[in-house]
Asks: 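Can you keep this structure in mind? I'll have questions shortly.
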There are 2 protein chains.
Amino acid sequence: MSSESLKIFAETETCPARNVLDRFGDKWSTLVILVLNEEEKLRFNEIHKVIGDISQKMLTVTLRSLEADGLVSRKVYPEIPPRVEYKLTDLGKSLVPHISSLIKWADQNFSSIMASRSKYNQKAN
Amino acid sequence: MSSESLKIFAETETCPARNVLDRFGDKWSTLVILVLNEEEKLRFNEIHKVIGDISQKMLTVTLRSLEADGLVSRKVYPEIPPRVEYKLTDLGKSLVPHISSLIKWADQNFSSIMASRSKYNQKAN
DNA sequence: CGGAATCCTGTAAGATACTG
DNA sequence: CAGTATCTTACAGGATTCCG
C-alpha cells in the first residue's frame with residue numbers, strides 16, 4: 001500500500017481516513033456497532049443493558065451520530081409506551097468485518113502489549 | 001463471529017478490545033503508525049513535517065505511548081546535535097494491515113457517509 | 001535537534017432531574 | 001420506554017517557553 005493511495009495528510013474535514021478514524025475516536029461508537037451486530041435489532045434499553053457502563057445520554061448521542069452517518073437505522077413504533085428499534089444498515093454491516101479484525105488483533109496481542117507497558121513503566125521509575 | 005468470542009463487555013482495563021480501541025481513540029496514534037509504515041525509519045522532525053498539524057507535544061506524547069505499547073521503537077544516537085530514529089516494531093507492523101483495511105473502507109464509503117450526514121442535518125433544521 | 005515543563009482551554013462525557 | 005435538558009468535570013490537546 002503506497003503513501004499516495006492513503007491520502008491521510010489532507011485536512012481533517014476532507015480526508016476520508018481522518019474523518020472515519022475520528023468516528024472511532026469517541027468512546028462508544030465501535031462498541032455500539034459491535035453490539036448491534038450481534039442481535040439484528042435491539043431496543044434502546046436493550047443496548048443500554050448490554051453495555052453496562054454507558055450513560056443514557058451518551059448512548060443517545062452515539063446512536064444519533066451513527067444514524068446521521070447512515071451506519072445505524074432507527075425505527076420508531078407509534079405505541080405507548082414507545083418502542084424504538086435500532087439496527088445496522090448495510091453500510092454499517094460492511095464496516096463490522098474491519099472492526100472485528102482489529103479486535104481479533106487486539107485479543108491476540110493484548111498480553112504482549114500489557115507486558116510491554118509494564119516494562120516501560122518500570123524503566124520510567 | 002459470536003458474541004462470546006468478542007468479550008467487549010468486560011471492564012475497560014482488562015478487556016483487550018476496549019483497551020486497544022482506546023488506543024485508537026486518541027487523535028494521532030493511528031496516523032503516526034501509518035506514517036512510520038511508509039518509510040521504515042524516521043526522525044522526530046521528519047514525522048512532524050509529514051503530519052503538518054500535530055503539535056510537538058502531542059507528537060512526543062503519541063510516540064512515547066506507542067513505544068510503551070511496543071508498537072514503535074526509539075533509537076537515540078549519542079551525537080550533537082541529537083538524532084533520534086523511530087520505526088515500527090514487528091508488533092506495530094502486524095497492526096498496519098488492519099488499520100489499512102479500515103482506511104480503505106473509509107475511502108470507499110466516504111461520499112456515502114457525507115451524503116447521509118448532510119441529509120440528516122437537513123431534517124434537523 | 002528533540003524534546004521537557006508549564007499553562008491554558010474546549011469539549012467529551014458523566015450525573016441528575018424531568019417528560020411525552 | 002426512550003429519551004431531553006442542564007449542569008458539571010476531567011482530561012485531551014494546543015500554545016508557549018526553555019533546555020542539553
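Labels below follow one simple rule: chain letters A, B, ... track the order of the sequence lines, proteins then strands, and each chain is numbered from 1. The figures that follow rest on heavy atoms only: side chains count, while hydrogens, waters and symmetry mates do not. Quantities reported herein were computed from a predicted structural model and do not represent experimental measurements.
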Asks: Looking across every strand, which nucleic acid part, if any, lies under 4.0 Å from B/Tyr86 by heavy atom: base, sugar-phosphate, or nothing?
Replies: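 Sugar-phosphate contact only.
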Asks: Start with the C-alpha gap between B/Phe44 and B/Thr60, add the side-chain angles, then the distance that decides, and say whether side chain to side chain contact (heavy atoms under 4.5 Å, CB included) holds.
Replies: CA-CA 8 Å; B/Phe44 186 90; B/Thr60 301; 3.5 Å; yes
Asks: Round to the nearest Å and state the distance from A/Lys75 atom NZ to D/dA2 atom C1'.
Replies: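 Computing the A/Lys75:NZ to D/dA2:C1' distance gives 17 Å.
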Asks: Over how many whole Å does the gap from A/Asp22 atom CG to C/dA12 atom P extend?
Replies: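 Nearest whole value for this atom pair: 11 Å.
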Asks: Which nucleotide wins on minimum distance to the side chain of A/Arg43, given the candidates C/dA13, D/dT4, D/dA2?
Replies: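 Of the candidates, D/dA2 comes closest.
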Asks: In terms of side-chain geometry, is the basic nitrogen of B/Glu85 or B/Lys41 positioned less than 4.0 Å from the acidic oxygen of its partner?
Replies: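 Here B/Glu85 pairs with B/Lys41 in a salt bridge, since their nearest N and O are under 4.0 Å apart.
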Asks: Without decimals, in angstroms, what is the distance between A/Leu59 CG and D/dG3 P?
Replies: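 Whole-Å distance recorded here is 8 Å.
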Asks: Which is it for B/Asp53 and A/Arg18 under the salt bridge (Lys or Arg N to Asp or Glu O under 4.0 Å) test, yes or no, and what are the steps along the way?
Replies: CA-CA 12 Å; B/Asp53 54 343; A/Arg18 290 208 192 188; 3.0 Å; yes
Asks: Quick one: which protein N/O atoms are closer than 3.5 Å to N/O atoms of nucleotides 14-16 of chain D? Pair and distance per line, please.
Replies:
residue : atom : partner : partner atom : Å
D/dG14  : OP1  : B/Lys27 : NZ           : 3.2
D/dG14  : O6   : B/Lys57 : NZ           : 2.3

Asks: Answer yes or no: is there a side-chain heavy-atom contact under 4.5 Å between A/Thr89 and A/Ser73?
Replies: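 Yes; the side chains approach each other to less than 4.5 Å.
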Asks: In whole Å, what is the span from the CG atom of B/Leu42 to the P atom of C/dG3?
Replies: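 Rounded to the whole Å, the gap is 13 Å.
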Asks: Rounding to a whole Å, what distance do you find between A/Ile80:CD1 and C/dT19:P?
Replies: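 So the two atoms are 17 Å apart, to the nearest Å.
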Asks: To the nearest 0.5 Å, what is the distance between CG (A/Leu71) and CD1 (B/Ile113)?
Replies: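 Interatomic distance, A/Leu71 CG to B/Ile113 CD1, rounded to 0.5 Å: 5.5 Å.
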Asks: Once you round it to whole Å, what is the distance between C1' of D/dG3 and CD of A/Glu85?
Replies: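 Computing the A/Glu85:CD to D/dG3:C1' distance gives 16 Å.
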Asks: Looking only at side-chain N and O atoms, does A/Asp26 offer a donor or acceptor that is under 3.5 Å from a partner on A/Ser29?
Replies: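 There is such a pair between these side chains.
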Asks: Rounding to an integer number of Å, can you tell me how far A/Tyr77 OH sits from C/dG20 P?
Replies: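 From A/Tyr77 OH to C/dG20 P: 25 Å.
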Asks: If only side-chain N and O atoms count, and only distance matters, is there a donor-acceptor pair under 3.5 Å linking A/Arg23 with A/Thr30?
Replies: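 No, A/Arg23 and A/Thr30 have no side-chain donor paired with an acceptor closer than 3.5 Å.
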Asks: Between D/dG3 atom C1' and A/Phe44 atom CZ, what is the distance in whole Å?
Replies: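 It is 6 Å, rounded to the nearest whole Å.
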Asks: Has A/Arg64 got a side-chain N or O lying under 4.0 Å from the OP1 or OP2 atom of D/dG3?
Replies: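 True: A/Arg64 side-chain N/O within range (under 4.0 Å) of D/dG3 OP1/OP2.
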